[in-house]
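See below for the structure under consideration.
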Amino acid sequence: MRTIKELFDLKGKTALVTGGSRGLGLQIAEALGEAGAKLVLSSRKQADLDEAVAHLKSRGIEASAIAADVSQESAIEPLVAEAMKRLGQIDILINNAGATWGAPAEEYPLEAWDKVMNLNVRSIFLLSQAVGKASMIPRKYGRIINIASIAGLSGNGPNSMKTVAYNTSKAAVINFTRTLAGEWGRYGITVNALAPGFFPSKMTKGVLENLGEDNLAKRAPLQRIGDDEDLKGAALLFATDASKHITGQVLAVDGGVSAVH
């Protein structure tokens, strides 16, 4: 029987993290790397990736980066092929890349809807499919972690955000997680989702400024928003053998907001 430290150990494991150059993706990359995993980060901008890799290497984490726009179908296969070349296999896939757009539903631009859906939903399907076929299904092992949001658990109030595509996309991510878990369990692949509440990031900067960080914190039972370490434990749980009997689940990391709203 393994010890708890062994169950949470990722030495010898590999991970591909999309949207890994900053924010929640980089926080998750830190957690996996600190537990021993070898990493490949991906995002659109090479300069951001270079900065993230330097940051991880300064912490003793083995990491490299591949610039790719995963909202484009043509980018998926080359990204997975290059990641496989560097890592040998992909044990853990973190589907974190995402986008949002704010506008009233009655005026919401189709272009914005498609942009959000292509990155938040379509890319997760395409990447999971490609990584599953290339590495996880043949080896009968895999950990897929999709980054959803508490916005996928409910709608928005009348004085809140106007993000119809984002909320819809994250609800889709949650049921995609459940459905893929049901199909791929026989291959030894677990598929789970994290549903963060508000964390400071480039994506949430405008919302935090408009609604006020203090106001958002007051909505949470814990009276705070997320910080740069609050996703680490949950991500590590789903990435390791500590969760080998957990699949198809959604864990909200939101200070309790979703429990009371």
Can [Y] be reached from [X] by stepping across I, L, V, M, F, W or Y side chains whose heavy atoms are under 4.5 Å apart?
| X | Y | result |
| --- | --- | --- |
| I124 | I145 | no |
| M84 | I76 | yes |
| L32 | V40 | no |
| I150 | W101 | no |
| F8 | I92 | yes |

Stepwise side chain to side chain contact (heavy atoms under 4.5 Å, CB included) test for I144 and V131 | CA-CA 10 Å; I144 296 175; V131 171; over 6 Å; no
Does a sphere of radius 6.0 Å around [atom1] in [X] hold more than 12 heavy atoms from other residues, nucleotides or ligands, not counting ones at 6.0 Å or beyond?
| X | atom1 | value |
| --- | --- | --- |
| E229 | CD | no |
| R86 | CZ | yes |
| W113 | CH2 | yes |
| E62 | CD | no |
| E73 | CD | no |

Does [X] reach the main-chain N or O of [Y] with its side chain, forming a donor-acceptor pair under 3.5 Å?
| X | Y | result |
| --- | --- | --- |
| E107 | P104 | no |
| Y108 | K162 | no |
| D69 | R44 | no |
| N120 | A99 | yes |
| N167 | V164 | no |
| T179 | F176 | no |

What's the verdict on side chain to side chain contact (heavy atoms under 4.5 Å, CB included) for Q27 and K232, showing C-alpha distance, side-chain angles and the deciding distance?
-> CA-CA 7 Å; Q27 182 179 152; K232 287 187 172 184; 3.8 Å; yes
[atom1]/[X] to [atom2]/[Y] distance, rounded to the nearest 0.5 angstrom?
| X | Y | atom1 | atom2 | result |
| --- | --- | --- | --- | --- |
| T177 | N146 | OG1 | CG | 4.0 Å |
| S74 | L79 | OG | CG | 11.5 Å |
| S135 | D91 | OG | CG | 6.5 Å |
| I189 | M136 | CD1 | CE | 6.5 Å |
| L222 | D254 | CG | CG | 8.5 Å |
| L153 | H261 | CG | NE2 | 13.0 Å |

Do [X] and [Y] touch side chain to side chain, with heavy atoms closer than 4.5 Å?
| X | Y | value |
| --- | --- | --- |
| W184 | T247 | no |
| R143 | K244 | yes |
| T14 | Q89 | yes |
| V253 | F199 | yes |
| L126 | V70 | no |
| L110 | D114 | yes |
| E34 | L236 | no |
| I246 | F238 | yes |

Closest heavy-atom contact between [X] and [Y]?
| X | Y | value |
| --- | --- | --- |
| A148 | I174 | CB-CG1, 3.8 Å |
| A97 | G19 | CB-N, 3.8 Å |
| A134 | V80 | CB-CG1, 4.1 Å |
| A35 | D9 | O-OD1, 3.2 Å |
| A52 | L26 | CB-CD1, 4.0 Å |
| P200 | G226 | CD-O, 3.0 Å |

I147: which of V173, I28, N95 passes side-chain contact (heavy atoms from CB on, under 4.5 Å) =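 The option that passes is I28.
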Can you tell which of T18, I66, L56, L16 makes a side-chain contact (heavy atoms from CB on, under 4.5 Å) with L41?
->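 Only match with L41 under side-chain contact (heavy atoms from CB on, under 4.5 Å): L56.
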State whether E111 and K115 are salt-bridged, where the test is any N-O pair (Lys NZ or Arg NE/NH1/NH2 against Asp/Glu carboxylate O) under 4.0 Å.
->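 Here E111 does not pair with K115 in a salt bridge, since their nearest N and O are not under 4.0 Å apart.
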Side-chain donor-acceptor contact under 3.5 Å, S21 with D48 =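 No, D48 and S21 have no side-chain donor paired with an acceptor closer than 3.5 Å.
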Does the pair R22 and E51 meet the rule for a salt bridge (charged side-chain N to carboxylate O under 4.0 Å, His left out), with working shown?
-> CA-CA 9 Å; R22 62 179 182 231; E51 192 175 315; over 6 Å; no
Can a cation-pi geometry be assigned to K13 and Y141, taking NZ or CZ under 6.0 Å from the six-membered ring centre and within 45° of the ring axis?
->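 Yes.
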Applying side chain to side chain contact (heavy atoms under 4.5 Å, CB included), run through M117 and T168 and close with a yes or a no.
-> CA-CA 9 Å; M117 288 296 171; T168 303; 3.6 Å; yes
Matching residue for D241 among R2, K5, K11 - test: salt bridge (Lys or Arg N to Asp or Glu O under 4.0 Å) |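 That would be R2; it is the only one of R2, K5, K11 passing the salt bridge (Lys or Arg N to Asp or Glu O under 4.0 Å) with D241.
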